[in-house]
> 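I have a structure here, written as structure tokens, and I will follow up with some questions on it.
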Number of protein chains: 2
Amino acid sequence: MTTFSHKILIVDDELDILEFLSYNLKKEGYQVFTAASGDEGIRIAKKELPHLVLLDVMMPGLDGIEVCRELRTSPGMDDVIIAFLTARSEDYSHIAGFDAGADDYINKPIKPRVLISRIKALLRRNQTGKDNASLDMGGLRIDRESYLVIKDGVELSLPRKEFELLSLLASKPGKVFAREEILNRVWGEEVVVGDRTIDVHIRKLREKIGEDFIKTVKGVGYKFEF
Amino acid sequence: MTTFSHKILIVDDELDILEFLSYNLKKEGYQVFTAASGDEGIRIAKKELPHLVLLDVMMPGLDGIEVCRELRTSPGMDDVIIAFLTARSEDYSHIAGFDAGADDYINKPIKPRVLISRIKALLRRNQTGKDNASLDMGGLRIDRESYLVIKDGVELSLPRKEFELLSLLASKPGKVFAREEILNRVWGEEVVVGDRTIDVHIRKLREKIGEDFIKTVKGVGYKFEF
DNA sequence: TTTTGTGTGAAAATGTTGTCATAATGTGGG
DNA sequence: CCCACATTATGACAACATTTTCACACAAAA
């Protein structure tokens with residue numbers, strides 16, 4: 001069997017990042033293409049039909065989201081895996097809405113080892129045809145199908161309410177969910193539970209997945225961030 | 001072998017789009033059903049159990065999202081592939097909250113060639129592993145043809161219900177099957193059996209194949225793992 | 001008939017969920 | 001800047017729900 005090499009396209013306007021990523025991925029044996037703008041990214045993507053596209057969200061001109069949209073509607077691109085590169089500080093709320101095409105979000109700054117393992121996971125996933133109903137972010141994977149949360153590679157099995165709560169919050173990173181809304185969607189409209197119930201579940205979640213993912217917005221509710 | 005034809009249901013309130021899509025899909029050999037409203041779509045879906053549903057997001061009355069929700073919670077519909085049709089200009093944020101069921105988003109206007117290739121990809125994706133006659137995993141082989149389970153080389157002969165239950169769970173390792181889903185697919189839609197029936201069969205299975213393969217997810221269902 | 005398969009109900013075991021009291025923390029007014 | 005107030009965090013526990021397990025009844029097959 002000849003060694004098969006995946007094609008990866010990196011689109012980012014910052015040249016040093018481009019080089020950094022390119023270097024590390026090539027070292028892993030991937031076939032790497034780079035583009036410094038959205039337009040160029042689309043052109044190369046159409047020509048090379050890469051298996052995976054790393055897409056910077058913030059770019060002058062065509063931004064990552066628009067590129068993603070364009071790619072997703074291009075012929076032959078149906079199976080392309082698209083991962084967004086996002087700066088940790090950026091507000092995710094506007095991205096969150098766009099769940100049509102992203103397979104993963106990867107935070108900058110990026111440690112090579114982490115990047116490689118995420119990319120391997122992504123490529124593996126799509127190869128087995130297992131189109132997982134799973135979200136992957138900040139070292140946390142939430143798999144709605146297997147009811148499993150994987151944190152840094154370690155499986156956590158959460159009780160139902162906790163899982164649903166996390167699942168809800170993480171479905172729209174950055175968005176603040178009001179307590180009322182949480183109650184409606186996790187517990188249901190008619191169910192009546194005390195005021196502290198949510199807090200307690202939030203606490204248990206934080207114990208399990210770490211303190212940093214769920215942020216309290218006093219007087220309003222909670223939000224998920226990564 | 002006779003040619004197998006996939007059933008596709010299109011739901012859209014614009015009749016010319018309905019016709020346009022219908023024409024193109026029929027030409028490809030698909031069995032096409034159409035509905036001009038959400039209600040009609042649900043009715044037809046329940047009757048025909050299509051493999052794939054193309055769902056317009058914006059419709060008067062029941063919109064695509066609501067239809068999708070309804071379908072996803074209908075018995076037997078778990079494997080239906082649902083793709084949303086969206087106008088390019090539409091804001092995705094309101095869709096985002098709805099993470100329950102869409103397998104794909106397809107932008108209008110639609111080029112036939114693109115549509116066909118997306119649909120093929122979607123159908124292909126879901127088909128894998130479905131018709132496998134023999135599954136082999138973790139020292140356990142499940143042979144649907146000979147109705148035999150072989151554990152570490154030893155033949156086990158399981159009663160029909162037990163075999164079908166195991167077969168279902170193992171058809172998608174990792175996936176949690178809700179009790180409701182199990183009932184529908186192993187016992188059938190109309191059959192009414194008590195709550196404890198599933199548990200007892202699970203228990204007998206565990207006795208025979210070992211305790212570790214079938215995991216309980218409390219409040220949700222069971223899943224197979226190896 | 002004997003054996004095997006299948007479903008039921010009731011008790012026990014298990015894990016999950018909700019509530020309370022109390023501490024900690026943040027917020028806005030003075 | 002500090003205080004009083006409102007809100008949230010936390011830990012222990014009680015209440016609850018679901019699943020397990022068992023013994024048994026009945027049906028279907030051998």
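What you are looking at is a predicted structure, and each value in this text was computed from that prediction instead of being measured. So you know, we letter chains A, B, ... as the sequences are listed, proteins then strands, and number each from 1.
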> Enter the inter-axis angle for the ends of the helix from C/dT1-D/dA30 to C/dG30-D/dC1 (five pairs per end, rounded to 10°).
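About 40° separates the two local helix axes.
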
> Taking the side chain as everything from C-beta on, heavy atoms only, tell me whether B/L140 gets closer than 4.5 Å to B/I209.
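Yes, close enough: below the 4.5 Å cut-off.
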
> Rounded to the nearest Å, what distance is computed from the CG atom of residue B/D199 to the P atom of nucleotide C/dT8?
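Roughly 12 Å, once rounded to whole Å.
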
> Should B/W187 be listed as having a side-chain N or O under 4.0 Å from OP1 or OP2 of C/dT6?
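No, B/W187 has no side-chain N/O under 4.0 Å of OP1/OP2 on C/dT6.
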
> Which whole-number value in Å describes the distance from B/I198 CD1 to C/dG7 C1'?
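Result: 12 Å.
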
> Walk along DNA chain D from 5' to 3' and tell me the first and last nucleotide with an atom closer than 4.0 Å to a non-hydrogen atom of chain B.
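That gives a stretch of D/dA17 to D/dC22.
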
> Calculate the interatomic distance between A/L158 atom CG and C/dT17 atom C1'; express it in whole Å.
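One finds 14 Å between C1' of C/dT17 and CG of A/L158, rounded.
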
> Map B/R160 and A/V220 onto DNA chain D by nearest heavy atom, then report which one ends up closer to the 5' terminus.
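That would be A/V220.
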
> Ion pair present between B/R160 and B/E162, side-chain N to carboxylate O less than 4.0 angstrom?
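Salt bridge flag = no for B/E162 with B/R160.
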
> State which residues pass side chain to side chain contact (heavy atoms under 4.5 Å, CB included) with A/L183; sequence neighbours excluded, sorted by chain then number.
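A/L183 satisfies side chain to side chain contact (heavy atoms under 4.5 Å, CB included) with A/W187, A/V193, A/I198 once adjacent residues are dropped.
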
> To check you understand the geometry: which heavy-atom pair defines the closest contact between A/E225 and A/K215, and what is its length?
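Minimum heavy-atom contact is OE1-NZ, 3.1 Å.
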
> Within the structure, does a side-chain N or O atom of A/T197 lie under 4.0 Å from either OP1 or OP2 of C/dT19?
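Result: yes.
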
> Can you find a pair of side-chain heavy atoms, one from B/L166 and one from B/V149, that are under 4.5 Å apart?
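Sidechains of B/V149 and B/L166: in contact.
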
> Base, sugar-phosphate, or nothing: which does A/F163 touch, judged by heavy atoms less than 4.0 Å apart?
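The answer is nothing, as A/F163 stays clear of every strand by at least 4.0 Å.
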
> For the CD atom on B/E207, are there more than 12 heavy atoms of other groups (residues, nucleotides or ligands in this structure) within a distance under 6.0 Å?
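Above 12, so yes.
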
> Would you say the side chains of A/S171 and A/R185 form a donor-acceptor pair under 3.5 Å?
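The answer is no; no qualifying pair exists.
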
> Between the protein and nucleotides 20-29 of chain C, which nitrogen or oxygen pairs come in under 3.5 angstrom?
unit_1 : atom_1 : unit_2 : atom_2 : d
C/dT25 : O2     : A/K218 : NZ     : 2.7
C/dG26 : O4'    : A/K218 : NZ     : 3.3

> Other residues, nucleotides and ligands only: do more than 12 of their heavy atoms fall within 6.0 Å of CD on A/E19?
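12 or below, so no.
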
> Rounded to whole Å, how long is the line connecting atom NZ of B/K161 with atom C1' of C/dT8?
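Result: 16 Å.
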
> Return whichever of A/S157 or A/V193 has its heavy-atom-nearest nucleotide of DNA chain C closer to the 5' end.
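Between the two, 5'-proximity favours A/S157.
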
> May I have the distance from A/R179 (atom CZ) to C/dG18 (atom C1'), rounded to whole angstrom?
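In whole Å, C/dG18 C1' and A/R179 CZ are 14 Å from each other.
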
> Is it the case that A/K161 places NZ or CZ above or below the six-membered ring of A/F163, under 6.0 angstrom from the centre and within 45 degrees of the axis?
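Checked: cation-pi criterion not met.
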
> Assign each of A/V217 and B/G221 to its nearest nucleotide of DNA chain D by heavy atoms, then name whichever residue's nucleotide is nearer the 5' end.
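Upstream on the strand: A/V217.
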
> Do the side chains of A/E145 and B/K223 get close enough for a salt bridge, i.e. N-O under 4.0 angstrom?
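Salt bridge absent between A/E145 and B/K223.
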
> Check the orientation of A/F224 and A/F213. Use parallel for under 30°, tilted for 30 to 60°, and perpendicular for over 60°.
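If you compare the ring of A/F224 with that of A/F213, the planes turn out parallel.
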
> Is the side chain of A/H6 donor-acceptor paired with the backbone N or O of A/Y30 at a distance under 3.5 Å, no angle test?
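Side chain of A/H6 to backbone of A/Y30: no pair is present.
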
> Taking the side chain as everything from C-beta on, heavy atoms only, tell me whether B/D12 gets closer than 4.5 Å to B/L55.
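B/D12 does not reach B/L55 side chain to side chain.
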
> B/D199: what forms a side chain to side chain donor-acceptor pair (under 3.5 Å) with it, not counting sequence neighbours?
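In terms of side chain to side chain donor-acceptor pair (under 3.5 Å), with neighbours along the sequence ignored, B/D199 is linked to B/R179, B/R196.
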
> Counting only heavy atoms and a strict 4.0 angstrom limit, can you tell me which residues of residues 201-214 of chain B come near DNA chain D?
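Here the set is B/R203, B/R206.
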
